[in-house]
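Worth saying up front: this structure is predicted, and the values here are computed from it rather than measured. Note: hydrogens, waters and symmetry copies are ignored here, and every other heavy atom, side chains too, is used.
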Amino acid sequence: MTTNTSTLSESTASSSRVVLVTGASSGIGEATALRLASEGHRVVLGARRTDRLEALTSRIRAEGGLAGHRRLDVTDAEDVRAAVKDTVAEYGRIDAIVNNAGVMPLSRLDALLVDEWDRMIDVNVRGLLHGIAAVLPHFRNQGSGHVVTVASVGAHEVVPTSAVYSATKFAAWAITEGLRLESEPGIRVTTISPGVVESELADHISDPHAKDAMRVYRRNAMPADAIARAISYALDQPADVDVNEIVVRPVGQR
């Protein structure tokens, strides 16, 4: 893992957290890494596109932040465990994980794009579970920790072409809510459900009908930093405050 050896001031360092962000190479993950680093947190960036991670890490360091990065495939449970283990070995602890990695190849069910369904299940559901499984032992040992899940308004509604995607995001919501109910008070749990955000998610839709519909749907999109601010708000609450769920939509989305 590539790390930053620069130091923060004592006052900032004492309040900073070590945060692992998955899917950090673009969109919400990138915006979250930038915002948390600018607020004095030490961020560990994980994604498959290491060239983008390297550029983002360099940018954060140039702006005075603390960042490290590693290639991370959330569908590989051992890879996620290793990322968390290495983070703890490097910094002595891990305070939060932002489970942001996700894919959204929308399509009608009768398009029968089974491989794309499987990919959504692997990344959006199994990837989340792998993140939770990797951090929980460390959080229990520390007596504290914060799990943040980036779900979607799709967890709360279904539209044509979103059946499988909405199912995975409802699963993400349900898993995270279950974790909240099962966790001891020192472990905080938050679900963030974004509406339409400027991101690459829609670029990977192969179904032509879904692609056309998404062009119209995404006309009213908010910047990814809107979600980064929500994540920052949840993380920065006092230890006795647990922000469980935030839904954030652009004002033009209904």
Side-chain angles (χ1 to χ4, degrees), residues 17-33 35-36 41 43-47 72-75 77 80-81 83-84 87 94-104 119-140 144-157 162 164-184 186-197 199 201 224 226-237 241-249:
R17 296 179 177 86
V18 178
V19 184
L20 172 61
V21 182
T22 72
S25 60
S26 66
I28 292 171
E30 178 183 20
T32 298
R35 175 157 291 276
L36 295 182
H41 301 297
V43 293
V44 179
L45 316 178
L72 178 62
D73 180 355
V74 298
T75 68
V80 181
R81 278 194 295 269
V84 172
T87 298
I94 181 169
D95 298 300
I97 183 170
V98 179
N99 289 302
N100 167 71
V103 293
M104 189 187 71
R119 179 65 178 162
M120 280 189 279
I121 293 168
D122 286 342
V123 176
N124 300 355
V125 182
R126 290 193 178 95
L128 168 62
L129 289 168
H130 293 162
I132 291 171
V135 297
L136 270 186
H138 298 283
F139 287 176
R140 285 174 176 158
S144 66
H146 200 148
V147 175
V148 178
T149 296
V150 178
S152 168
V153 293
H156 305 279
E157 63 183 3
S162 84
V164 178
Y165 177 73
S166 291
T168 65
K169 290 302 184 176
F170 178 81
W173 176 89
I175 290 165
T176 309
E177 176 65 4
L179 176 65
R180 182 187 71 81
L181 293 168
E182 294 174 4
S183 295
E184 52 266 35
I187 297 175
R188 300 190 292 177
V189 181
T190 303
T191 302
I192 308 288
S193 292
V196 182
V197 175
S199 74
L201 279 178
I227 307 306
R229 292 196 303 271
I231 292 170
S232 171
Y233 170 79
L235 288 175
D236 286 344
Q237 295 304 302
V241 176
D242 190 5
V243 177
N244 302 141
E245 186 167 8
I246 304 177
V247 179
V248 186
R249 291 182 176 90

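What you find for Ala171 and Val125 is that their closest heavy atoms are CB-CG2, 4.0 Å. The shortest non-hydrogen separation linking Ala151 to Ser193 is CB-OG, 3.8 Å. Here the closest non-hydrogen pair linking Ala155 and Trp173 is CB-CB, 4.2 Å. Pairing each heavy atom of Leu45 with each of Ala24, the nearest pair is CB-CB, 3.8 Å. Contact between Arg35 and Ser232 at its shortest, heavy atoms only, is CD-CB, 4.2 Å. Considering every non-hydrogen atom in both Ala230 and Val248, the closest pair reads CB-CG2, 4.2 Å.
The side-chain heavy atoms of Gln237 and Arg188, taken from C-beta on, include a pair separated by under 4.5 Å. Asn124 is not listed as a side-chain neighbour of Leu128, based on a closest heavy-atom distance of 4.5 Å or more. Between Asp95 and His146, every side-chain heavy-atom pair lies at or beyond the 4.5 Å cut-off. Residues Phe139 and Ser183 form no side-chain contact, since every pair of their non-hydrogen atoms from C-beta on lies 4.5 Å or further apart. At least one side-chain heavy atom of Val247 sits under 4.5 Å from a side-chain heavy atom of Val153. Contact of the Ser166 side chain with the Glu157 side chain is not registered, since no non-hydrogen atoms from C-beta on lie closer than 4.5 Å.
In this structure, the separation between CG on Leu36 and CG on Leu235 is 6.0 Å, given to the nearest 0.5 Å. Taking CG of Asn100 as the reference point, atom OG1 of Thr22 lies at 5.5 Å (rounded to 0.5 Å). Expressed to the nearest 0.5 Å, how far OG1 of Thr190 lies from CG of Asn99 amounts to 11.5 Å. The distance from atom CD1 of Ile28 to atom CD1 of Ile227, rounded to the nearest 0.5 Å, is 5.0 Å. Separation of atoms CZ (Arg119) and OG1 (Thr168) is listed at 12.0 Å; rounding is to 0.5 Å. Expressed to the nearest 0.5 Å, how far CG of Asp122 lies from CG of Leu129 amounts to 11.5 Å.
For the pair Lys169 (side chain) and His156 (backbone), a donor-acceptor distance under 3.5 Å is absent. Formation of a donor-acceptor pair under 3.5 Å by the Thr87 side chain with backbone atoms of Ala83 is found in this model. Counting only distance, with no hydrogens or angles, the side chain of Asn244 and the backbone of Thr191 share no donor-acceptor pair below 3.5 Å.
Among Glu182, Glu184, Glu177, the one residue that satisfies the salt bridge (charged side-chain N to carboxylate O under 4.0 Å, His left out) test with Arg180 is Glu177.
Side chain to side chain, His41 and Asp236 meet the donor-acceptor criterion of an N or O pair below 3.5 Å.
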